[in-house]
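Shown next, in structure tokens, is the structure this report addresses.
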Amino acid sequence: GTTRENSGNDPGAGNQASGAANPDAQIREGLKIAFLPKQVNNPYFTVSDNGGKTAVTEIKGEFKEVGPSEASASSQVSYINTLSQQGMDVIVTSANDPNAICGALNQAKAAGAKIVTFDSDTKPECRQIFVNQVTAEGIAENQVKLISEQIGGAGEIAILSATANATNQNAWIELMKQQLTKPEYSKIKLVTVAYGNDDDQKSFQETQGLLQSYPNLKGIISPTTVGVAAAARYLSGSQYKGKVKLTGLGTPNQMRQYVKDGTVDAFALWNPADLGYLAAYAGAALAAGQITGAEGEKFTAGKLGEYTVGKDGVVVLGPPTVFDKNNIDKFDF
Amino acid sequence: MAHDSLYAAPSSSSAETERRTGRLTGLRGVLGSWDVAVVVALVVAALLAGVSVESFATGRNVQFLLLDLVPLAMLALPMTLIVITGEIDLSVASTVGLCSTVMGQLWLSSGLSLELICVLVVLLGAVLGAVNGVFVTGFGLPSLAVTIGTLALYRGLSFVVLGDQAVADFPASWTAAAVRDIPGTSIPVAVLPVLLLALVFGVVLHATAAGRALYAMGNNDQAATFAGVSVARTKFWLFVASGAVCGLVGIFWTLRYASARGDNATGLELTVVTAVLLGGVSIFGGRGGLLGVVAGVLLLGVLRNALQLADVDANALTIVTGALLVASVVLPNAVADVRARLHRRRQRANPVAP
Amino acid sequence: MSPEAPGADNAPLLVLDGVTKSFGAVAALRGVHLALHPGEAHALVGENGAGKSTLVKTLAGAHTPDTGRMALDGRPLELRGPADARAAGIAVIYQEPTLFPDLSVAENIFMGRQPLRGLRRIDTTAMNRDAERLFERLGVRIDPTRPARGLSIADQQLVEIAKALSFDARILVMDEPTAALSGVEVERLFGVARSLCERGAAVLFISHRFDEVFDLCQRITVLRDGAWVSTDRTADLTVDEVVRRMVGRDVSSLYPKQDAPVRGTLLEVSGLSRAGVFSDVSFTVRGGEIVALAGLVGAGRSEVARAVFGVDRYDAGEVRVAGRPLPPGSPRRAIAAGLALVPEDRRQQGLVMELSVERNATLARRRALSRLGLLIGGAERAEAQRWTRRLQVKASRLTAPVGTLSGGNQQKVVLAKWLATEPRILIIDEPTRGIDVGTKAEVHRLLSELANEGLAILMISSELPEVLGMADRVLVMHEGRVVRELSRAEADETSVMLAATGQGATA
Amino acid sequence: MSLTDTGTPHRRTGNPPTGAGRHRRGLTERLLAVRELSLLLALGALILVTTLRNDRFLSGQSVKDLLLGCAILVILAVGQTLVIVTRNVDLSVGSILGLVAFATGSLFLAAPGTPWPVAVLLGVALGAGCGAVNGGLIAVAKVPALVITLGTLYAFRGIDYYWASGRQINAADMPRSFLRLGNQTVLGVPLLFLAAVVVVAVVGYYLRSYRSGRELYAIGSEPAAARLSGIPVGRRVFAVFVANGALAGLAGVLYAARFGTLDAAAGTGLELQVVAAAVVGGVAIFGGSGSAYGAALGAVLLTTIGSSLAVLRIDPFWQQAVVGALILAAIGLDRLLALRMAARLRGRSAHGA
Ligand SMILES: Nc1ncnc2c1ncn2[C@@H]1O[C@H](COP(=O)(O)OP(=O)(O)OP(=O)(O)O)[C@@H](O)[C@H]1O
Ligand SMILES: Nc1ncnc2c1ncn2[C@@H]1O[C@H](COP(=O)(O)OP(=O)(O)OP(=O)(O)O)[C@@H](O)[C@H]1O
Ligand SMILES: [Mg+2]
Ligand SMILES: [Mg+2]
């Protein structure tokens with residue numbers, strides 16, 4: 001029979017960029033670029049897709065946003081099929097599952113579409129470019145630094161994550177644990193990771209549970225927008241407000257209130273609109289043949305300037321922005 | 001769901017019987033039967049989509065459409081029989097999820113061959129179905145409540161099995177086989193087992209003594225018992241069959257998406273129930289047929305696919321699904337009501353001489 | 001003849017004039033006239049399916065007549081629903097009990113009219129007390145606080161009666177209220193009905209038992225095929241005359257069993273017990289023989305039948321069919337062994353109301369009718385036709401839902417269903433409950449014929465004439481035990497009665 | 001002629017009636033009380049075990065959190081009880097809640113100065129409107145509630161999505177006075193919980209002590225009989241759906257006040273939790289029995305389990321599984337009680353009682 005040993009799978013067969021890039025190629029007008037977020041109805045993706053729309057308008061292409069109303073890989077597959085059926089030039093997507101949509105993406109690629117992933121990647125061989133909001137290392141470093149500053153470099157902390165199998169979150173958490181082994185953080189102890197399932201109420205309950213289980217808790221990192229908002233809301237209405245520190249990844253609009261009322265000192269996020277914007281440009285560059293997804297290729301992304309394709313076809317947006325009392329009113333998303 | 005219907009007990013009120021027969025005859029007069037009506041709706045929808053939606057009527061699209069429908073169609077088959085007996089199984093999607101994660105876990109850590117794993121997964125599905133069956137028939141609990149319980153239980157267990165992992169390294173030959181076409185056509189191979197199952201379930205339901213018994217117990221399980229039908233045993237085996245089919249779907253799902261994870265097929269149960277009801281099966285049991293359900297599944301698929309291709313918002317799709325379901329039950333009744341009213345008016349106009 | 005005739009001595013309370021009602025193609029009522037006078041009990045008789053229950057439901061506001069007028073106290077009455085009928089002072093006991101199993105008996109009686117205390121809240125204490133008083137009037141003891149679920153049919157019927165009485169209605173309509181009752185309760189019911197009449201109420205009474213009709217009622221209206229035939233004073237009528245008007249010909253109301261050669265023992269029950277229901281029941285039934293199981297309502301006869309057939313489990317004892325032990329708890333095996341059970345409650349146990357007459361008639365025989373596991377449509381239909389014809393089932397088509405048939409015709413379909421299995425042993429529980437005279441004789445003739453063909457028949461019946469006329473042997477049950485076995489010669493009204501009431505029992 | 005049994009004592013089918021006027025609790029009611037008691041015991045045991053493991057579970061803050069956490073589910077479960085008792089079910093409550101919550105947010109966006117009572121009223125009205133759509137379709141077109149509300153589950157949610165089109169409304173968009181509703185306490189008890197208690201008390205008392213309340217049980221117990229006894233079944237069922245919609249609307253407004261962050265997905269999947277709470281609380285899924293108090297206790301129990309698993313740091317993966325197992329246990333217990341009662345009734349009516 002077929003067993004795992006003899007199945008001859010070769011995981012991580014890198015991204016084979018085909019053909020040669022022509023850095024001077026022109027982006028033609030009327031490129032059909034489709035954005036397929038994890039889920040429509042998710043404000044975060046609405047913002048980033050709008051960034052993409054801005055970019056597509058700049059290059060005089062046709063923009064379209066489609067997607068499932070619930071964040072599942074299977075419905076994403078059916079949308080990818082529809083898009084390839086409609087003859088899209090570029091599909092920009094954020095994967096609900098790194099593997100599940102691979103088959104459909106490969107089929108779409110074979111039908112002539114260029115594939116860009118953003119926010120959440122698939123396996124590298126299924127797409128040409130992954131536009132990463134920030135490197136996982138960057139996030140981990142930033143988050144640990146923020147919490148350490150807030151709790152004065154010592155004490156127990158916990159992490160409130162999204163779902164237990166969220167790829168991003170898990171990678172970040174792994175790297176945060178590595179960060180914490182550094183000597184400057186030696187007095188900080190990570191006691192647990194809780195999962196709020198990106199569900200507001202669940203995250204709220206989990207925060208509550210954390211505080212009860214760990215009376216000495218000094219800080220919480222919640223690297224997910226839903227989680228950090230729920231945790232902030234819990235803290236702001238509880239006796240722990242201001243005593244237990246909270247940081248994480250959140251949007252300024254959601255967190256503004258809690259920054260102002262002193263529940264939260266500082267948190268971080270990249271600009272999701274820029275992320276979508278960059279992804280659209282990367283897709284256009286691929287379609288034009290300016291890049292193929294090989295390491296070292298360069299392209300210009302409108303107002304954001306020039307970007308270089310890194311290893312495995314990854315393009316990094318840049319370091320995250322830290323929001324605090326002083327700058328939060330300058331942002332609206 | 002016991003024989004005493006949720007909304008109004010059959011037969012005990014003749015007003016009710018009058019309405020029901022009115023509905024039946026009314027339909028028969030207008031459309032032949034609900035089955036036929038769904039088939040007609042399907043054909044009309046497909047023709048309209050073919051004409052008005054670009055790239056709908058292409059081989060590739062047919063392939064996509066059918067592949068997307070395989071799990072729904074498979075699950076709808078045993079569900080039809082279960083609903084006809086007056087029960088319901090809301091745990092199907094969670095059972096699929098649990099079968100999928102167990103398949104992943106076995107593949108990841110057991111070293112067993114995939115063939116054996118598949119057999120084990122189908123067995124597991126049957127066992128999970130049997131658990132439902134024991135609660136419903138053995139302890140005599142309402143299936144709606146039991147399967148809401150196992151809906152949560154099985155989904156929870158599927159997260160327990162694989163946790164935050166996703167198993168994705170299934171052999172390419174297997175994952176490719178799940179989406180392969182029948183040579184020379186654009187019809188996926190996976191459609192064949194669905195057809196076979198549909199045939200089996202169809203024959204059992206419509207042409208065997210057991211099928212008759214299903215309708216009888218759906219309407220009045222006590223009378224069925226008195227007529228020598230082993231109501232409990234039959235229902236038990238239906239739940240087992242449903243579970244086994246969930247196992248098959250779990251395998252298909254895992255291979256098609258090359259990914260075994262805890263949240264596979266979440267929420268599918270409502271779509272399955274929608275398809276079955278759209279196909280004309282009465283939620284109270286005792287009425288409906290398999291042809292209608294198969295047509296209902298296809299109708300749902302065609303509409304979704306066509307609307308997606310026509311770039312209709314996912315939100316509108318949600319509304320359409322809901323509206324379709326409501327219309328499918330409201331319309332026949334409304335038609336029958338109007339006819340009955342007309343009939344009465346005519347009667348009043350020229351009364352029978354005493 | 002005008003509906004008010006003959007000799008209206010007082011103005012009628014309620015008048016129905018030219019009432020028509022059809023269900024699709026079936027004309028259930030065709031221009032019916034009826035006048036109910038205050039202080040009088042009025043009987044409505046007719047064959048099964050004559051339209052009696054339909055008339056009752058029209059009076060109750062549950063059916064809207066297609067044409068025709070109703071008048072109360074000379075003023076036109078229009079009923080838009082049962083609530084209107086109640087408001088008009090019409091109380092109805094339907095043919096089939098309509099209780100709420102989850103609610104307490106008292107609430108069942110007073111639903112919608114519960115006694116209130118301050119802030120319009122329900123006064124539960126007063127309600128239970130009132131219910132108790134009602135039961136006292138009826139001379140029965142039912143705990144008003146117990147749920148209605150689990151009441152025997154007789155008790156359900158009593159609760160229905162209590163409910164109707166609680167209205168203090170001006171018009172009391174009773175659709176076969178006595179079908180499930182035994183002598184005492186019937187007497188009590190009649191006592192109450194008479195006292196209502198004395199207070200100026202009008203009673204409409206429906207029954208297939210003529211002794212009751214002649215006992216209680218002052219007038220009799222006969223319906224035939226939905227049409228009004230006659231209304232007369234009871235004093236001017238004889239039973240035979242009424243029957244002739246109902247059926248349109250002369251019938252003998254009883255058909256005594258022919259003597260048939262008695263063959264070997266087919267059914268042997270020994271030491272059968274079920275805790276709290278029956279104990280140590282033993283008897284045998286031979287081919288060609290009709291054995292009657294007599295007793296008062298609640299004696300446990302139906303329970304024995306159900307246990308023998310395998311619908312209920314039993315704690316001890318054994319059932320043998322033609323010498324072979326029958327495994328307990330499986331009606332399927334029982335059918336395979338040649339047993340058939342015509343249950344007492346056709347609505348719950350006998351029929352699948354939404355399925356067609358045809359499907360119902362072949363339901364118990366569905367396995368035998370299939371070839372290689374597949375059912376053959378033609379064979380099913382032929383089989384259904386054969387039996388419905390033989391039993392003269394009146395139905396518009398064989399594909400009509402059986403729920404649309406009249407009570408008596410439904411009963412015939414149940415019989416058809418079981419005779420179609422060609423059993424060796426037929427257990428038949430209240431074979432003629434709710435069946436009109438003509439058909440009753442027909443059923444009796446049929447039973448006799450079947451016995452002649454060698455069937456062993458165990459018949460449970462609460463009607464003494466039926467028991468005495470049909471049975472070769474009579475087993476009398478009292479409180480869950482067989483207390484007496486009487487041969488045909490020994491059995492007469494007194495001996496059966498004495499045994500059934502537990503007096504002079506020598507088991 | 002039928003058998004006459006002149007001279008025998010009356011057949012007994014129940015206990016000899018006790019003296020009139022003495023207050024007795026009916027068998028039917030006593031069964032319910034047992035059900036509610038067992039829920040309270042389970043709840044007590046759960047709290048005890050959790051507290052033994054972690055004494056902070058009973059701290060003021062934590063109790064406040066618990067009460068806050070269950071309030072919305074309690075309100076929904078009570079509304080659902082009204083519906084289930086009539087042998088119907090409303091699967092669209094989650095969607096109604098989401099729609100109303102988003103509407104409330106939008107209201108404050110459009111008219112920031114709206115006083116909060118107006119928002120509450122409008123939310124309740126919108127919920128009642130949604131309920132009227134359900135009830136209208138069910139009562140007028142005479143179709144099963146499960147199907148209709150499964151349809152409107154999609155439809156209302158779709159409308160919500162459509163309206164929101166990916167927008168989010170944040171706490172900052174809503175007036176403080178309104179948000180305080182979600183957090184404020186009166187004598188240490190959250191306002192939200194008090195609202196839930198009022199709802200439970202009113203509905204519970206109504207169901208038990210008013211004619212129309214009892215009629216709901218009658219409808220659920222035997223709809224055809226209800227119709228024949230002159231109960232306006234259509235009107236009552238319609239009213240029940242409107243009431244449930246209104247309660248879902250109220251829950252939606254409270255949700256907005258409590259969570260502050262609103263998008264179109266609020267309340268997704270809540271319907272199964274609500275039905276589960278009612279079922280765990282002893283409301284028979286096929287109508288005719290159950291009480292609002294039981295359903296409320298069921299909701300409290302489910303929420304407490306959620307919190308205590310989090311506190312006990314039980315692998316979160318297990319949580320859903322535990323909830324599922326609990327539902328099975330609860331309905332199993334109901335069945336057991338019912339069987340015991342049936343046995344008792346049989347014993348009572350046995351001969352020579
Ligand atoms: N709801 C219904 N739909 C169709 N036909 C009906 C309906 N109710 C009654 N009928 C038909 O109307 C006729 C009269 O029925 P009804 O029940 O009034 O008879 P009945 O006189 O009460 O008979 P029985 O003595 O058997 O109770 C029958 O032919 C019956 O089949
Ligand atoms: N559903 C039930 N639940 C509890 N006890 C029951 C039930 N049905 C019957 N009993 C009890 O069982 C005993 C016998 O029942 P039943 O009245 O059916 O006897 P029967 O002799 O067959 O009378 P019938 O003339 O009504 O057929 C009685 O004591 C009765 O109270
Ligand atoms: Mg009748
Ligand atoms: Mg009996």
Side-chain angles (χ1 to χ4, degrees), chain B residues 1-2 4-13 15-16 19 88 90 94 135 139-142 144-146 148-157 159-160 163-164 262 267 270 273-274 277 282-284 313-330 333-334 337, chain D residues 87-89 91 137-138 141-148 150-165 222-225 227-228 233 237 264 269 272 275-276 279 284-287 315-332 334-336 339:
Chain B
M1 253 165 241
D4 46 349
S5 71
L6 279 181
Y7 190 72
S11 76
S12 40
S13 135
E16 187 60 19
R19 189 182 65 69
I88 197 164
L90 289 181
S94 299
F135 272 98
F139 305 158
L141 299 171
L144 186 64
V146 167
I148 284 180
T150 48
L151 162 83
L153 179 66
Y154 295 165
R155 182 62 68 191
L157 288 178
F159 281 112
V160 171
D164 49 1
L270 290 190
V273 173
T274 305
L277 298 180
S282 159
I283 192 72
F284 301 138
D313 204 291
N315 304 327
L317 270 182
T318 315
I319 300 179
V320 167
T321 311
L324 202 63
L325 184 58
V326 171
S328 79
V329 289
V330 171
N333 269 14
D337 262 13
Chain D
R87 210 183 265 205
N88 286 291
V89 69
L91 294 181
L137 286 170
I138 290 158
K142 299 206 178 65
V143 281
L146 185 72
V147 187
I148 290 296
L150 185 57
T152 52
L153 158 84
Y154 291 122
F156 293 150
R157 180 66 66 191
I159 293 170
D160 192 9
Y161 281 154
Y162 214 84
W163 187 6
S165 52
E222 192 63 65
R227 217 165 278 127
L228 284 180
V233 176
V237 169
L272 289 188
V275 174
V279 166
I285 199 84
F286 289 120
D315 187 343
F317 299 129
W318 277 101
Q319 185 161 331
Q320 213 176 354
V322 170
V323 170
L326 182 83
I327 295 173
L328 292 179
I331 52 179
D334 268 338
R335 177 71 186 161
L336 205 71
L339 282 182

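These numbers come from the heavy atoms of this one structure, side chains and all, not from hydrogens, waters or symmetry mates. Here is the naming used below: chain letters follow the sequence lines, and residue numbers restart at 1 for every chain.
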*Hey, what do you get for OG (D:S165) to CG (B:N315), rounding to the nearest 0.5 Å?*
8.0 Å

*Between B:A323, B:A145, B:S94, which shows the greatest number of heavy-atom pairs under 4.5 Å with chain D?*
B:A145

_Value rounded to 0.5 Å, distance of OG1 in B:T321 from OH in D:Y154_ = 6.5 Å

_Let me confirm one number: the CD1-CG distance from B:I148 to D:L272, rounded to the nearest 0.5 Å._
5.5 Å

_Residue pair D:F156 / B:I319, side-chain heavy-atom distance below 4.5 Å_ = no

*Is chain D contacted by the side chain of B:L151, its backbone, both, or neither, given a heavy-atom distance below 4.5 Å?*
side chain

*How far apart are the closest heavy atoms of B:V160 and D:W318, and which atoms are they?*
CG1-CZ2, 3.5 Å

_I need the residue from D:L336, D:D160, D:L150 with the largest number of non-hydrogen atom pairs under 4.5 Å to chain B._
D:L150

*Locate the shortest heavy-atom distance separating B:A152 from D:G324; write the atom from each residue and the value.*
CB-CA, 3.7 Å

*Between B:I88 and D:L146, is any pair of side-chain heavy atoms under 4.5 Å apart?*
yes

*Give the member of D:I148, D:V275, D:V279, D:V322 that has the highest number of heavy-atom pairs under 4.5 Å with chain B.*
D:I148

_Heavy-atom proximity to chain B below 4.5 Å, by part of D:L153_ = side chain

_Interchain contact, D:V147 with chain B, by part (heavy-atom threshold 4.5 Å)_ = both

*Contact part of B:A327 toward chain D, heavy-atom cut-off under 4.5 Å: side chain, backbone, both or neither?*
neither

*What part of B:L277 lies closer than 4.5 angstrom to a heavy atom of chain D: side chain, backbone, both or neither?*
side chain

*asked:* Only pairs of heavy atoms separated by less than 4.5 Å count here; which of B:L324, B:L90, B:T274, B:L317 has the most with chain D?
replied: B:T274

